[in-house]
Structure formats: C-alpha cells, structure tokens
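Every chain is numbered from 1 and lettered A, B, ... according to where its sequence line falls, protein lines coming before strand lines.
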Amino acid sequence: MKKTVFAGFGGQGVLMMGYAFAMAVMNDGKQITYLPAYGAEMRGGTANCTVAVSDEEIFSPVSSAPDYAVILNNPSLIKYESMIATGGTLFINSSLVTTEITRDDISVVKVPAGDMAKKLRNERISNMIMLGAFVSRSQLTSMESILNALAEITKGKKSSLMKSNKKGLDAGADYVLQGA
Amino acid sequence: MAGKKGTIIIDRELCKGCYLCIEACPNSLIGIFDELNQLGYYPAYYREENNKDRECTGCATCALVCPDVAIEVYRE
Amino acid sequence: MSEKVLMRGTQVIGEAAIRAGCRFYAGYPITPQNELTECMARSMDATPGGTFVQAESEIAAINMVIGAAMAGARAMTSSSSPGISLKQEGISFLAAQELPAVIVNTMRGGPGLGNIAPSQGDYFQATRGGGHGDYRTIVIAPNSGQEIADMTRTAFEYADKYRNPVLILADGMMGQMMEPVIFPEPIDISSLPPKTWSLRGAAGRPSKVILSLLLNPAKQEELNWKLDRKYKIIAREIPKAEKYMTDDAHLAVIAYGTAARIAKGAVRRVREMGLKVGLFRPITLWPYPSRELHELSRHMRNFLVFEMNMGQMVEDVKLSLEGRSDVHFYGRPGGTISTPDEIAKIINTLYHRQNLEKDS
Amino acid sequence: MQKVFQRPKYLKQAVFHYCPGCGHSIIHRLIAEVIEELGIGEKTIGVPPAGCAVLAYDYIDVDMGEAPHGRGAAVATGLKRVLPDHIVFSYQGDGDIAAIGTAETIHAANRGESISVFFINNACYGMTGGQMAPTTLLGQESTTTPGGRNEKRDAAPLDLSEILAIARGSVYIERTAVNSPRNIRKTKRAITKSFKTQMAGLGFSLVEILSPCPVNWKMTPVEATKWIDDTMVKTYPLKVIKDTVGKIDG
C-alpha cells in the first residue's frame, strides 16, 4: 500500500494531478482510492487530495503518514512535511516552495517546475512537470498509463492540450532521470 | 321565462339549514320546515302548495347557492 | 457496460439511480453532496422521461418526491444533515402513505449547521424514523464506491417492494471519495411490475386516494398495525452485515460506513501483531442485523463499537446482544476522522485489559 | 319535466362535514361540475390540503393525493412532472397557501408549473378554531387577534394573489367569491378557465375564492355572504389579477 498526497493552492491543478494518477493506476489493474479535501469555499485556499494505491483492498482513504507528497506551495509544505512517513519521498516545486526542509529521514526531490514551465512557454503545465517527476521517481505507474489516463480525462478537448501535457510530463521525468 | 314551469326537490336530510336558498329564490318559494332532520337542523322546504300566484320557473338559483347539494331542479 | 470507471461517491449514487430506473429527482444545494444534484441535473436531461427539479427548499424537494411517488415514478432526493432534518415531515408522510422513495443523506459534522466534514451523527435520526409518528425507514450504509453502486439499486428495489422510504446513509467521505466502480446494467423500467396503487387518473376504475389523515382512531390503529406487520417482515427479510475475520476472534469491532473502513484497517494491523480481532459491519442499519450479531456472541464476549459520533449505534448493539457480552465504545464526533493506527491502539489496549490474549 | 340541476357525476354521494353555509362544498361542487363538463374526470388528480378541506377526497370523485400542510404546490409539481398529460390541481386554504406554504406556492408559480391552484380565502384558520390567518382583515377579530387584527402587532393582510401575479410563470390569476349566484357563476367560469389553461399547457394558474366561514366569523350564513360583499371585497377586490391567456377555446 502506498499513499500519496498532492497539495498546493487552488488553481494549480493539484486535484487534476491526483485524478490522472488515480485513473492511471486503476487502469493498471490496482486498487485505488482518491479522496479530495473539500472546503466550503470554492476559490482560493489550499487544495489537496490523497491517492492510495494497493494490490489489496484499501481500508482508509485518508493518510496520516503518506509515502509520497507532491507539494506545490509553502503552506502545504508546512502542513505535510512532518506527516510524511520515514523513508518517504517529498516532491516540491522549488520555484514556489522556498521554505527550508528540516527532515533528513526522507528523500527530497526538488523540481523547479515553475521555471521549467516558463521556459517551455506554458506556465500552466507546472503540475504536469511535477507529475512527470513523481511518476518517474516513484514508479507507481508508467508514463504510458498516465498519458492514457490524461487522454481519457481530456477527451473532447483541444488536442493541443494533450500535446502540452505530454511536454510537461516528459520535462519532469527527464529532470528526475538526469539526477535531480 | 314566462310560461316556463319548474319544480325543485329538497333533500331534507342533506339540508343543514343555512337558508341561503331562501335568500336566493326570486319568488320566495322556499320556507323553513318545522321539524328537525336527522342532522339536527330545521331543513328548508319547497312551498309547493302555496305557489298559486308565483310559480317556480326552474331557474336553479337555489341549487346554485346550496352548499350541500340538497336541491334538484326540474324544468319543462 | 461492465467497464470500470473512477467516480466520486455522490456521482456513483446518481448514475446507479438512473440505472435503477429513477426518473424523478428533486434537490436543493448543500455541501458535501452537490455533485449528486448536479449529476442528476445532467443525467435526467439525458434520460427520456426523466425529470430534474431544483427545488426552492429541502421541504419542497421531498414533497415533489411525494407527488412523483404517488404518480408511480421511481423518485429520489438527496441532502446532507441539516437538509435531512427539513425533509423529515415529508419522510413521515411517505411512510404513512406507503410511498416508495429513496433519500440520500451525506452526513456532515455536528448539530446545527455544523461543518461539512464526514460524520455519523445522524444515526439516531435515520434509524428511529426521524420525523413524527410510529414509523421506520429502511437505512442502508454502504462503505465503498462499488457497494454504493450496488446498494443504490437495492434501495429502489426495497422502496418499491415494501412501499416504504429508503435512506442511503453516507457521509462526506463516502460522498467525496473516488473509487473504481463497475455499474450494474440499466434496468428496463417498462419491465417493472405496475404500481396498481399509484394515482394515474380514475380511468376504468373507481377513484382512489393516498392519504395519511385518519381521523378515526380505529382506522389509524389499523394502519399502524399494518405498518408494524410490514416492518416485522422487513426486519426478517433484509438485515445485512459483513463479517471480517470473526471466526476465531476474541473481540470484534463493530462499525459501519466510513468508520468500518478505518476499523478494518485497524483490525488488519492488530492481526499482524497476533491479536485475534475481527470486524462486524452492519450494511443495513434499520433493520439492524441483530440476529447475526447475536450469533457472534456465542463465541465472543467482547465487542468494541466504533462510530464517528458519541455512541448512537452502541444502543442497537446492546439491544442485539441482550447483555450476553461486554460492549465497549470508542467514538469521535464533529467530523473528525480517526486513523486506523488510532483505532489499532484502542483495540490493543482493550484486548490486553480484558486479558483476551489468555483465551488463545 | 327534465332534471336540470343535480349532484354532478364527480361528486360522491356523501354528506359534507362542513358547517352550514360553508363555501367549501360549493367550490367542491363547482370543481366537480367543471371536471365533468371538460371530460377530464379520468385523468385529473387532486391534492387536498390540511385544514377544513382535508377531507376533500371524500367528496370529489377523482384520484387524490394528500399533501403535508402547505406543500400542495410541491406535491402537485411532482405529480404533474411525472404525468404531464394529466390534469393536476391543488386545493388550499389561506393558511395553507399564504403562510406555511408560501415558498412552495411562489416557486411553483415562478416555474410556471402547469397546475391549477384553488386558493380558498376565508380570512381565518377555520379547522383549528378561527385563529388569525395571513388573510385576516385589519380590524377583524379572531381567536388570536381578540381586539381585531392590528397592523403593528399582527401585520397587514398578505395579498398572495397579487404577489403571485408578479411571478413570471403565472399566466392566469383571478379572485372570485362564492357568496352570491352571480359570483358563484363567475367562480365556475374561472375554474373552467384555469383547467383549460392547464390543458393547453400554458402555465401556472390560480383562482382565489373568497368563501364564507359563518361559524368562525360568528355570523349567520346569510350575514356571512353579505359580509363578503360589504367588507371583504374592500381588501380583496374581485377581479382578474393577471391574464396572459386571453380567450381560450375548448
């Protein structure tokens, strides 16, 4: 059983990352649960979701000690850093997350997703860059599954969207492979 | 309506004695019966025997205002 | 259409309802179940003969459901705790008029307006009738996306079969969580048995009336006896529970819905530690699966009730066990969600305090 | 001689439980007559209220489904939406429609639900013993306005029909009375028009009917009919309040 938290502020595509990941894992034939945190407010504030992946029945969809955390803003880092399980991995968008990380019992993958997205001339794909990095490092699913899931989710939308999504995913994956 | 002849039948057991029909009858042909009915009211009755001068025309105004559908109206 | 899809609990209810032949939905916005109302708006538009009404209040919504049920449609409304309180008048009428309908309560935390976090604070309201008068609603408490899909259909079937309102008791977590679901095939509503009692106009038959005002006490008593006989039949026919690792257990945790998932995780943990603990999960809350629970007390003397409230179901557990076993309780109210670790600790402490390890 | 007036086909053979001189049974009869004349008896469904007319189903011989107090328009909405080819009417007293059920009524009107609403205004809560209703006149005594309705203490009467006329989905609203032969005939025409409006699927229609309640008004039936003419119509003038339907055939 592996649990991952995706967190940031609203509008960063946090829930989309979790959803695409959950769908990819489901299509891989594994058990999954996806639990979005929902607030009374519709805009602003923090957004997060928890995805649990397992070969067996999943009991609690909530996680008090996630194995992975993909963090896109400072407030979320403060909230989740202490919760990550020992030996777990923390992914941060280092273009936005500037708070110092104090734990030394977890791995930290810093991805300057914001800057990378800017370079790719599409600031909206930083979540895809983070997702690419996460998938590449965690190996919880394959890039192919993620692409298929995204294609299913964006079905009926502009094909350029899928192209830019792929660009982001690849950039994130490459960044990790080059030894971030 | 001259010449038209009509008549009414009041079901005394349906009548609750509101006497709206008495008020409504243009020819004052309805009266109050002096015996209680089973509901405990003095029912309205058609004064058939007293209408030599003013005859019922079957205009049905009495039936129209009767809240208890106690009146049937016949006309030639 | 046995395709696996990833879907939110509230939307699963909506999709399953349409597939179960639901053709009338009226609702009013309230978090955390708005996706269900929105899903019904889209689905009913796309379903021939389907009607969606966004009502002006919860009260209006349940009363529209009364009208639709009188007309013979499979009808549903949904809300969350405060809105369900408003619907209770209508639910009482549905029970008295013996009208089938499905009501979904995605429970939230606390009395009053409370909060929108998952909770199980409406157990009493759901299982004791909820509104005025001597009646019962059938209460189903699913704990997974798949069970929501399957039991939503069951809810419509029970509603029609027993001519009684059926409540699907979920909570914010059940409603918001996405899980893979395989939906049952849609039914053909023309194949459903005709509702000869419904109001369709008095063509070729005497007129009839569906009412609940019975000024004659003898008639009222007659209806109440009739309802009571029906409830006894329901209590015999449909109680349902899941047992998990109870065969050799010295202690069973009793929990439903979201709490049962957390409890199952906890049972798994303490099993790894060598503790003989199982889980008893009621799936119908009314009628309560008392007989099955009673059976367990033949070889178990300790039960731990875990609820996301301060101890409501614990009363049904005690009634079922009739003093044959020790009943312990742990709960957290107000929308707080316990973790499996937390429950595992409670189980561990209880297990050793009761000297259950010596039983092995 | 020919029988020219008799109990209509859709009125059951039953003795009304209403007090002497009550307007409810006149209105029941008119509805039954119109249903017969329009030939819609086999596809009409009525929704009776809580209040004196709660037993309307004992008299009007069509399918009837009872609504909780005030919820008639919502129950009628559910019925009509499932059975769009049927004729659905709700029968509601002033407390039912203008106090507890105001929201359901206004919104059904605003949605333009194709239903007929018969709003019986007797300026009091009849069944519960003559308390103040939202329609009680200023100065009128009731068991809860012992010194007469006082605007400061008890608010002014609610002109529900006028409010409903503002709702965009209402197409025909008329106020009539059943206190005289002439008004009874007018009321019947209004009921007919309301049903025809529904048959044509034109939208929400309502007939407000001023109806005598001699017992709670502490008057004789004849005095009560006169009180409507002399006093009640000053607050509730008899008129067509809204009509976007115009002449309707059939």
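- Heavy atoms of other residues, nucleotides or ligands lying less than 6.0 angstrom from CG of Asp228(C) number more than 12.
- Only the side chain of Leu55(D) comes within contact range of chain C, with at least one heavy atom under 4.5 Å from a heavy atom of that chain.
- Put simply, the side chain of Glu66(D) gets close to the backbone of Ser212(C): a donor and an acceptor are under 3.5 Å apart.
- Heavy atoms from other residues, nucleotides or ligands lying under 6.0 Å from OH of Tyr28(C) number 12 at most.
- Proximity to chain C is absent for every atom of Ala76(D), based on heavy atoms less than 4.5 angstrom apart.
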>> Pair Met64(D), Ile210(C) - check side chain to side chain contact (heavy atoms under 4.5 Å, CB included), show working.
In response: CA-CA 6 Å; Met64(D) 298 275 254; Ile210(C) 294 177; over 6 Å; no
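- The contact list for residues 36-66 of chain C toward chain D, using heavy atoms and a distance under 4.5 Å, reads Thr51(C), Phe52(C), Val53(C), Glu56(C), Ser57(C), Ile59(C), Ala60(C), Asn63(C), Met64(C), Ile66(C) by residue number.
- Asp63(D) contributes atom CG, which lies 6.5 Å from atom OG of Ser207(C) (distance to the nearest 0.5 angstrom).
- The number of heavy-atom neighbours closer than 6.0 Å to CZ of Arg205(C), taken from other residues, nucleotides and ligands shown, is above 12.
- For the atom pair OH (Tyr25(C)) and CZ (Arg81(D)), the distance works out to 14.0 Å, reported to the nearest 0.5 Å.
- Only the side chain of Lys12(D) comes within contact range of chain C, judged by heavy atoms closer than 4.5 Å.
- Across Thr44(D), Ile45(D), Thr77(D), the residue that shares the most heavy-atom pairs under 4.5 angstrom with chain C is Ile45(D).
- Checked by atom type and distance alone, the side chain of Glu89(C) never pairs as donor or acceptor with a backbone atom of Pro68(D) at under 3.5 Å.
- In terms of heavy-atom pairs under 4.5 angstrom with chain D, the leader among Ala26(C), Gly90(C), Ala69(C), Gly201(C) is Gly201(C).
- Arg200(C) is listed as a side-chain neighbour of Leu83(D), based on a closest heavy-atom distance under 4.5 Å.
- Looking at heavy atoms from C-beta onward, Tyr57(D) lies in side-chain contact with Leu213(C) at the 4.5 angstrom threshold.
- In terms of non-hydrogen atom pairs under 4.5 Å with chain C, the most contact-rich of Lys80(D), Arg71(D), His69(D) is Arg71(D).
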